[in-house]
Amino acid sequence: MAATILVVEDEPAIQELISYNLELAGHHVVCAETGEQAFSLIQGELPDLVLLDWMLPGASGIDVARRLRGNERTRQIPIIMLTARTDERDKLLGLDTGADDYITKPFSPRELIARIKAVLRRRAPQMTDDLVVMGELKLDPVSHRVTGCGKPIDLGPTEFRLLHFLMTHPGRVHSRVQFLDQIWGDHVFVEERTVDVHIRRLRKALESCGLESMIQTVRGAGYRMSVD
Ligand code: CA
């Protein structure tokens with residue numbers, strides 16, 4: 001599972017240690033030293049996860065987390081806070097900011113990687129390599145194979161990502177804009193009707209095993225996937 005992780009940390013040695021280990025684990029790392037730098041990077045591209053130090057020059061990690069949560073575009077980004085403080089009061093204060101998890105310094109690289117994986121699994125399951133099963137449909141991110149009722153289904157790369165995202169968020173309605181953010185990346189300009197084109201292709205591929213009705217159009221809202 002390769003995720004783009006934004007590391008906001010002002011201490012060069014810790015920033016370097018984190019980057020090194022995240023890259024070793026296969027992630028793409030972007031670094032910022034202050035909250036302001038982080039926001040200007042986010043303007044260009046949304047990361048899959050933010051690793052946020054508590055003590056930063058200028059705006060604190062808590063301020064940054066609150067700003068991320070308060071903005072429509074960045075609200076959904078998983079946040080892990082790095083902190084040197086351990087007492088409960090601070091932890092609770094942090095929880096109010098909407099952080100997904102906390103790591104107390106000093107931490108081991110193994111713990112860091114494990115926590116990131118756990119948060120991504122919970123908050124962005126389409127980022128993980130876990131086999132996904134939904135009714136008669138199976139998708140394996142590792143081998144890039146999809147089967148319906150035991151038969152292989154051929155999908156293009158975009159349809160594959162689309163299906164992976166839908167299967168990891170069953171029953172939820174997603175708008176075309178959300179699909180564009182999640183599948184194409186929010187910094188890429190693609191017209192909304194492109195989503196319809198790929199949904200049509202995906203349904204067509206699922207027709208081969210009679211599973212096309214798993215993808216439902218929700219009028220005025222977008223698309224949803226369910227077993228019904
Ligand atoms: Ca710091």
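Positions are given from 1 along the sequence. First listed ligand is number 1; within each ligand, the first listed atom is number 1. All of these numbers come straight from a predicted model, not from anything done at the bench.
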Give the intermediate values and the outcome of salt bridge (Lys or Arg N to Asp or Glu O under 4.0 Å) for residues D53 and K105.
CA-CA 10 Å; D53 186 33; K105 295 177 189 174; 3.0 Å; yes

Please evaluate residues R115 and E111 with respect to the criterion salt bridge (Lys or Arg N to Asp or Glu O under 4.0 Å), reporting the C-alpha separation (whole Å), side-chain torsions for both, the decisive distance (0.1 Å), and the verdict.
CA-CA 6 Å; R115 296 284 193 96; E111 183 191 2; 2.9 Å; yes

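- Evaluated for a side-chain contact (heavy atoms from CB on, under 4.5 Å) with L139, the options L163, I153, T147, D130 yield exactly one hit, L163.
- For the Ca ion (ligand 1), protein N/O/S neighbours under 3.0 Å (waters excluded) are D10 OD1, E11 OE2, D53 OD2, M55 O.
- Here the closest non-hydrogen pair linking D154 and A205 is O-CB, 3.9 Å.
- Of the listed residues (Q182, Q178, R123), just one forms a side-chain contact (heavy atoms from CB on, under 4.5 Å) with Q76, and that residue is R123.
- With sequence neighbours excluded, no residue forms a side-chain hydrogen bond (donor to acceptor under 3.5 Å, both in side chains) with H174.
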